[in-house]
Amino acid sequence: MNVKTLIYSENTELSLQLLGKAIQLSGAGVSAVAVTHDQADTLVGSGAAKVYLVKDRSLDALRAGILDVVARESPDLVMVGSTKRGRELAPRVAAALNAGYSGDCFDAQQGEGGFAVKRLAYGGSSIASTIIRGKPAVISVSPRSFQKPEAQGKQGEIIELNTSTPAPRVKVLETRPKKTSDAGLESAKIIVSAGRGFKKREDLKLLEELASELGAKMGCSRPVSADLGWMDQWVGISGKKVAPRLYVACGISGTIQHAAGIRDSQIIVGVNSDEAAGIHELSDYSIVGDIYAVLPALTRALRERAK
Amino acid sequence: MGETAEGWLIQVTRIVVLVKDIPDLNDIRIDPSTRSPIVEGAKRRLNDLDKRALEAAIRMKEAGGMEVVTVSLGDERTRICVLEALAMGADAAYVIIDPALKGLDAGATSRVLEATIRKAGAFDVIVSGELSLDGMGSQVGPRVAELLGIPQVTYAKELKYEAGKYRAVRDLEDVDEVVEAEPPFLVTVVREINEPRIPSLMNIMKAKRKPTTEWNAEAIGLKADELRASIRVEVYDVKAPEVKRKRVMIKAEKVEDAVAKLVSALDAEGVLEG
């Protein structure tokens, strides 16, 4: 049985990743919604059979456009890229269609009686395997979940949509570009992080010295920030999700909450005096030792190495 | 009471806050044999972002004199969790408790919330958290807005009522978007919006005397079996991801030796440069 898919993301790179997956699921019969001529050309050139162009990027226009295309193509699966704009659009489309929806999926397969998707639950500590029944199933897909298709140079069709949309009911007064400093921990290459192993606030200077030697940003576990108020931002489920090249957890026990926040790190180092602490399981390299002895020694060793 | 431009006396406007109780994530452990989270027995708490939604509503009430009510679908435990919302400053709570509605998916849940909101009466604004940390579906807000046919303002990190107007700042990836919305509309909030207040002991005592309305499916005009039949999404397995780490435990008599081994390992990984 060949499934029909409809894909959409305002982000062309992400729309190509969706297209790659859609071709895998549907073969040649993929429809897409695009927001620019360039994007429509790219999608057609990469294997989409029909690309519907909606030139108004407002939520209401895209909602109406996608519903229009769903009525024309009756897809089995609607895939929307999981950007913030995509994540507010997709459930709205699903509600209008009385359809099932799962957000931020990173895997999708045709399963028995529906689409089987995988996504995070419980603050990112767990993976929920989920089945969506009924037609269509609507999902949003996290970036980098799927591979782009090989460039095919095949010619599909571009159709300009003129779906009527009501006047916007929310007035945009101003858009302000983000300050880059907002990025902070999420974009840091190296992070050193403090846990309850630090007995006094003043002792954080051991972490500061290590951070300065490594050129690292500083983070902490939830209790150090939320309970003790020693630092602003914590790393974990309810705090920041980080993906540095190197993450050094100092005096952190390694709860599932913290684990979910550091999972995408390339290399994790744990320093904890408790041999049974969960952080050792979560680490690539770990030292069972007192942070009050290990951190100064590590800072000295790095300083020596730099010479 | 307020007065319109035409001089008509009108009912005090109302802000509806969608609040959900979820298991406390700090109480969830992973069963090492099955890798599944053990949720049973975890304390129930209001979803953090819903508390922030409520805080935003209470601050608008302080500026504009509206009434703030909460709407929840839940069970016996929800009744207790909602007391915290009342203690924070909500004026009244609506709780849907019906054993026949256990295990609904987000689509069916949204229909219950829609019917409850309609039955509870006219409103200006609906506020909810952008996400609840248990299911992380991030869909009930937009679904409820769609079902009610009202616009949505998602990811608000600021929300104000000033001089008769509602303004929000939306936290998007590339930009912050300043918007103005005419009621009725729905707004979802992100973590940055505020720090929810901690209720005083006196307000905790008072909360028990605030009106709480409990309805079942029939009371809001819905049929439980029809809602159950509309379930489209089913979670069939929940597991912690396998941790694929090297787990090299460095042991040495002297701290200097352990540290030297670590530095040379990190050097070999190439994660220290640049």
Side-chain angles (χ1 to χ4, degrees), chain A residues 83-85 87-88 91-92 94-96 98-104 119-123 125-134 169-178 237-238 245-246 256-257 263 266-269 280-289 293-294 297-298 301-302 305, chain B residues 25-26 28 30 37 48 105-107 110 133-139 142-143 145-147 151-155 172-182 185 230 232-241 243 245-251 255-256 258-260 262-263 265-266 269 271-272:
Chain A
T83 59
K84 284 192 170 177
R85 291 180 196 275
R87 289 167 75 247
E88 73 155 342
R92 217 167 157 141
N98 195 18
Y101 166 78
S102 284
D104 299 314
R119 41 188 304 280
L120 295 179
Y122 296 116
S125 66
S126 304
I127 294 168
S129 299
T130 304
I131 189 118
I132 311 171
R133 299 195 180 85
R169 294 173 289 182
V170 175
K171 205 189 323 171
V172 178
L173 302 178
E174 188 191 344
T175 54
R176 305 173 188 150
K178 293 250 193 221
I237 287 171
S238 51
R245 191 170 68 207
L246 174 62
I256 56 170
Q257 290 84 332
R263 185 179 301 140
Q266 186 190 330
I267 293 289
I268 296 174
V269 170
H280 299 297
E281 298 277 297
L282 299 170
S283 296
D284 294 287
Y285 301 97
S286 66
I287 295 181
V288 180
V294 174
L298 182 55
L302 288 164
R305 177 186 167 275
Chain B
L25 296 177
N26 291 304
I28 297 180
I30 302 291
D48 178 67
D105 68 357
S110 302
L133 271 175
D134 54 346
M136 298 177 77
S138 213
Q139 58 174 310
R143 271 187 186 271
E146 177 69 29
L147 293 172
Q152 69 195 37
V153 174
T154 46
Y155 318 112
L172 298 174
E173 276 116 348
D174 45 344
V175 291
D176 287 339
E177 193 179 81
V178 186
V179 301
E180 192 173 284
E182 291 286 327
F185 68 95
S230 79
R232 300 264 185 279
V233 178
E234 190 191 326
V235 176
Y236 60 90
D237 185 42
V238 183
K239 273 198 173 65
V243 182
R245 292 286 166 188
K246 299 191 175 87
R247 294 185 195 168
V248 178
M249 210 181 258
I250 297 171
K251 285 179 181 155
V255 136
E256 283 73 19
V259 160
L262 175 62
V263 171
L266 295 181
E269 296 280 358
V271 291
L272 291 175

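Proteins come first, then strands; the chains are lettered A, B, ... in the order of their sequence lines, and each starts at number 1. As a basis for the values below, the full set of heavy atoms in this structure was taken, side chains included, without hydrogen atoms, waters or symmetry mates.
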Given the options [options], which has more heavy-atom pairs under 4.5 Å with chain B than any of the others?
options                                : answer
A/Ala293, A/Ala96, A/Ser102, A/Gly103  : A/Ala96
A/Gly289, A/Gly134, A/Ser129           : A/Ser129
A/Ser286, A/Ala121, A/Ala128, A/Gly100 : A/Ser286
A/Ser126, A/Ala94, A/Ala99, A/Ala95    : A/Ser126

Between [X] and [Y], is any pair of side-chain heavy atoms under 4.5 Å apart?
X        : Y        : answer
B/Pro241 : A/Leu120 : no
A/Leu302 : B/Leu272 : yes
A/Lys84  : B/Thr154 : no
B/Lys239 : A/Ile127 : no
B/Arg247 : A/His280 : no

Under 4.5 Å from a heavy atom of chain A, the part of [X] involved:
X        : value
B/Ala106 : neither
B/Val263 : side chain
B/Ser110 : neither
B/Val233 : both
B/Leu262 : side chain
B/Ala260 : neither
B/Asp134 : both

With respect to chain A, which residue among [options] yields the maximal number of heavy-atom pairs within a distance under 4.5 Å?
options                                : answer
B/Ser230, B/Ser138, B/Ala181           : B/Ser138
B/Leu266, B/Val179, B/Val255, B/Asp105 : B/Val179
B/Lys251, B/Arg245, B/Arg232           : B/Arg245
B/Leu147, B/Asp237, B/Leu133, B/Val153 : B/Asp237
B/Ile250, B/Val178, B/Asp174           : B/Val178

Segment of A/Arg263 engaging chain B (4.5 angstrom heavy-atom cut-off):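 Contact with chain B involves both backbone and side-chain atoms of A/Arg263.
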Heavy-atom contact with chain B under 4.5 Å, split by part of A/Ser283: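 Interface part for A/Ser283: backbone (N, CA, C, O).
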Reported CG-to-OG1 distance for the pair A/Leu173 and A/Thr175, which is rounded to 0.5 angstrom: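 These two atoms lie 10.5 Å from each other.
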B/Arg143 side, atom CZ; A/Asn98 side, atom CG - distance, nearest 0.5 Å: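 Interatomic distance, B/Arg143 CZ to A/Asn98 CG, rounded to 0.5 Å: 8.0 Å.
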N-O pairing of B/Glu269 and B/Lys246 below 4.0 Å: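 Salt bridge between B/Glu269 and B/Lys246, a charged N being under 4.0 Å from a carboxylate O: yes.
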A/Asp104 bridged to A/Arg87 by N-O distance under 4.0 Å: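 So A/Asp104 pairs with A/Arg87 through a salt bridge.
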Residues which pass ring pair (Phe, Tyr, Trp, His ring centres under 6.0 Å) with B/Phe185, listed by chain and number, not counting sequence neighbours: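 For B/Phe185, the residues satisfying ring pair (Phe, Tyr, Trp, His ring centres under 6.0 Å) (neighbours in sequence not counted) are B/Tyr166.
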Any donor-acceptor pair under 3.5 Å from A/Arg245 side chain to A/Gln266 backbone: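 Side chain of A/Arg245 to backbone of A/Gln266: no pair is present.
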